[in-house]
Every structure is written in C-alpha cells, then in structure tokens.
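Heads up: the structure comes next, in structure tokens.
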Amino acid sequence: MADLSVMERIARLVPSGSRVLDLGCGDGALLEHLQKRRGCSGYGVEIDDTKVQACLRRGVNVLQLNLEEGLTMFGDDAFDVVLQIDTLQHLRNAETMLRETARVGRIAIVAFPNFAHWPNRLDVLRGRMPVTKRLPYQWYDTPNIRVGTYADFEVLARSCGLRVEDSFGLHEGQEVRTLPNLMASTAVFKLSN
C-alpha cells in the first residue's frame with residue numbers, strides 16, 4: 001500500500017475533512033496522507049506492535065485492537081469513512097467485518113488483492129498457486145486466510161445490503177475500469193448502506 005499512486009487513487013474516494021477509521025492501518029501511511037492532503041482526522045486500528053509504533057512516529061492516532069473481536073466499541077455512523085485496505089483477506093469472518101464496517105461508517109472503502117487477475121488464472125491453469133507482486137507469498141506461508149475476486153466481492157456487498165457507489169480495479173498504480181475482474185491486480189470498492 002506504500003505506492004503513492006495507489007494511495008492517491010484511494011484517497012480521492014475520501015471526502016475532504018472526513019472523520020476516518022482505517023482498519024488494519026499498517027504503518028499509518030494512508031491515514032497520514034489523508035490528514036495532510038485531504039484535511040481528514042481519525043484513527044487507525046492495528047494489532048502489530050511494530051506497526052503501531054510506526055503510526056505513532058508518523059503522528060497518526062492508532063488503537064491497538066484485534067479486528068477479529070469486532071467494532072463494538074464504535075457506535076453506528078461514528079465515522080464518515082471506514083477504510084479496509086488490504087485487510088479483509090486476513091480476517092476469519094469477512095462478512096461480519098464488512099457489515100460492521102458499514103455500520104460504523106457512512107461510507108466504506110474496501111480494497112484487496114484480486115485473485116481473478118489474468119496472470120493468477122494462468123498460474124492456476126498451470127497447476128500452481130500464484131506468486132505475484134500483489135500476492136507475494138507461497139501458498140504455505142501466506143498471511144491471507146482467503147482469496148477473493150472483484151466479482152465475488154460485488155456479490156458479497158449486495159448480499160450484505162450495501163450499495164456500490166464506485167468500483168474499479170488498480171494495476172501498477174493505474175485505474176482499471178474495463179474488465180477489472182480480469183485486468184486488475186487490486187479491487188477497490190466504495191460502499192454505502
């Protein structure tokens with residue numbers, strides 16, 4: 001997520017001055033970017049000690065929480081925007097967390113590696129699990145609990161009663177709006193209730 005062009009593409013989905021909750025915020029780079037460039041405020045949520053310290057060094061407010069325990073400490077519509085950037089694929093109950101994300105924020109922005117990207121499909125056809133820039137781990141050491149596709153997420157969002165306000169793919173920092181399920185390595189969705 002450190003790629004500035006990717007950060008910019010996601011940041012433009014966040015209205016200026018928004019109160020933001022960034023779930024699985026990593027080192028806080030995106031939230032720092034939103035604070036400096038979009039006048040946003042808010043909190044990151046991260047479980048990893050090293051990443052929490054990195055957030056603090058950036059001046060990003062961060063809460064050290066395990067997302068598997070849910071977001072019960074936050075009220076309905078407590079934030080303008082809730083981000084889940086490269087987080088959903090690491091969670092055991094993706095559907096519950098998606099519903100919680102939509103409950104806590106008026107807008108949800110979710111991004112994740114698109115397993116249906118054509119090079120990944122080709123690797124699977126060859127009988128191998130993909131190892132790419134976007135999915136850099138071998139099957140036996142990946143932190144991803146699950147893999148998802150752009151098309152699968154559209155179905156999940158609808159089943160959760162969420163409206164897709166905008167969606168597109170990203171590949172090498174560029175937006176992909178034509179055949180994103182096939183042509184994009186990352187899926188990006190902006191959702192509302």
Side-chain angles (χ1 to χ4, degrees), residues 1-114 133-137 141-148 153 166 170 172-173 185-192:
M1 190 37 220
D3 186 309
L4 184 59
S5 62
V6 172
M7 259 197 287
E8 279 293 334
R9 303 255 186 235
I10 291 171
R12 74 172 176 73
L13 298 173
V14 178
S16 294
S18 292
R19 186 162 156 76
V20 177
L21 181 64
D22 187 354
L23 303 176
C25 68
D27 66 3
L30 178 58
L31 198 49
E32 178 188 39
H33 182 83
L34 290 170
Q35 289 170 344
K36 289 180 176 178
R37 301 269 170 87
R38 311 274 302 164
C40 296
S41 62
Y43 295 91
V45 174
E46 182 55 59
I47 194 168
D48 183 272
D49 292 335
T50 305
K51 292 176 182 175
V52 168
Q53 290 171 2
C55 287
L56 294 172
R57 282 191 298 275
R58 288 181 184 275
V60 169
N61 295 322
V62 62
L63 302 169
Q64 190 167 25
L65 300 172
N66 182 349
L67 291 175
E68 296 292 355
E69 296 171 7
L71 300 176
T72 56
M73 69 183 295
F74 301 110
D76 296 355
D77 294 328
F79 294 88
D80 300 313
V81 179
V82 178
L83 303 170
Q84 271 199 52
I85 310 304
D86 288 342
T87 302
L88 202 59
Q89 72 271 17
H90 300 288
L91 300 174
R92 295 201 184 284
N93 197 335
E95 181 179 1
T96 298
M97 186 50 65
L98 183 59
R99 289 179 192 277
E100 279 289 277
T101 297
R103 178 188 66 77
V104 169
R106 292 196 313 258
I107 296 171
I109 299 172
V110 179
F112 56 91
N114 177 29
K133 210 161 128 177
R134 202 58 190 102
L135 295 164
Y137 302 97
D141 70 353
T142 182
N144 297 323
I145 293 173
R146 64 188 83 255
V147 293
F153 189 82
D166 193 7
L170 291 172
E172 296 183 355
S185 55
T186 298
V188 180
F189 287 83
K190 181 177 182 179
L191 309 163
S192 65

Requested in this report: Output, in order, the C-alpha distance, side-chain angles, deciding distance and verdict of salt bridge (charged side-chain N to carboxylate O under 4.0 Å, His left out) for Lys133 and Glu172.
Outcome: CA-CA 10 Å; Lys133 210 161 128 177; Glu172 296 183 355; 5.2 Å; no
Query - Exam field: side chain Ser41 to backbone Val20, donor-acceptor pair closer than 3.5 Å - result: no
Query raised in the report: Roughly how far, to the nearest 0.5 Å, is CZ of Phe112 from CG of Asp86?
Result: 10.0 Å
Requested in this report: Taking all non-hydrogen atoms of both residues into account, name the closest pair between Gly26 and Cys55 and its distance.
Outcome: O-SG, 3.2 Å
**Report entry** Working for side chain to side chain contact (heavy atoms under 4.5 Å, CB included), residues Thr101 and Leu88
**Finding:** CA-CA 11 Å; Thr101 297; Leu88 202 59; over 6 Å; no
Requested in this report: Please report the C-alpha distance between Asp27 and Glu32 in whole Å, then the side-chain angles of each, then the deciding distance to 0.1 Å, and finally whether the side chain to side chain contact (heavy atoms under 4.5 Å, CB included) criterion is met.
Outcome: CA-CA 9 Å; Asp27 66 3; Glu32 178 188 39; over 6 Å; no
Query raised in the report: Which of these passes side chain to side chain contact (heavy atoms under 4.5 Å, CB included) with Val104: Leu23, Thr72, Val82?
Result: Val82
Query raised in the report: Between CD of Gln89 and OG1 of Thr87, what distance do you get to the nearest 0.5 Å?
Result: 7.0 Å
Query raised in the report: What do the steps show when you test Arg99 against Glu95 for salt bridge (charged side-chain N to carboxylate O under 4.0 Å, His left out), and what is the final call?
Result: CA-CA 6 Å; Arg99 289 179 192 277; Glu95 181 179 1; 2.9 Å; yes
Query raised in the report: Do the side chain of Arg9 and the main chain of Leu170 share a donor and acceptor less than 3.5 angstrom apart?
Result: no
Requested in this report: Evaluate side chain to side chain contact (heavy atoms under 4.5 Å, CB included) for Val6 paired with Ile85, printing each intermediate quantity in order.
Outcome: CA-CA 11 Å; Val6 172; Ile85 310 304; over 6 Å; no
**Report entry** Straight-line distance of Leu34 CG to Arg12 CZ, nearest 0.5 Å
**Finding:** 13.0 Å
Query raised in the report: Under 3.5 Å, is there a donor-acceptor pair between the Arg134 and Thr186 side chains?
Result: yes
Report summary line: Exactly one candidate in Val52, Leu65, Asp22 meets side chain to side chain contact (heavy atoms under 4.5 Å, CB included) with Val45; the answer is Leu65
Report task. For the residue pair Leu98 and Phe153, establish whether any side-chain heavy-atom pair is separated by less than 4.5 Å. Result -> yes
Report task. Could you tell me the separation between the CG atom of Leu67 and the OG1 atom of Thr96, rounded to the nearest 0.5 Å? Result -> 12.5 Å
**Report entry** Inter- and intrachain pairs under salt bridge (Lys or Arg N to Asp or Glu O under 4.0 Å), touching residues 62-80, at least two apart
**Finding:** Asp76-Arg103, Asp80-Arg106
Report task. Could you tell me whether a side-chain N or O of Lys190 sits under 3.5 Å from a main-chain N or O of Leu13, the two making a donor and an acceptor? Result -> yes
Requested in this report: Could you tell me whether a side-chain N or O of Arg146 sits under 3.5 Å from a main-chain N or O of Arg92, the two making a donor and an acceptor?
Outcome: yes
Query raised in the report: Does any N or O in the side chain of Gln64 come within less than 3.5 Å of the main-chain N or O of Ile47, such that one atom is a donor and the other an acceptor?
Result: yes
Query raised in the report: Taking the inter-plane angle between the rings of Phe79 and Tyr43 on a 0 to 90° scale, is it parallel (under 30°), tilted (30 to 60°) or perpendicular (over 60°)?
Result: perpendicular
Query raised in the report: Atom NE2 of His90 and atom CD of Gln84: how far apart are they, to the nearest 0.5 Å?
Result: 10.5 Å
**Report entry** Heavy-atom pair of closest approach, residues Asp48 and Thr50
**Finding:** OD1-N, 3.0 Å
Query - Interatomic distance, Ile107 atom CD1 to Leu191 atom CG [nearest 0.5 angstrom] - result: 10.0 Å
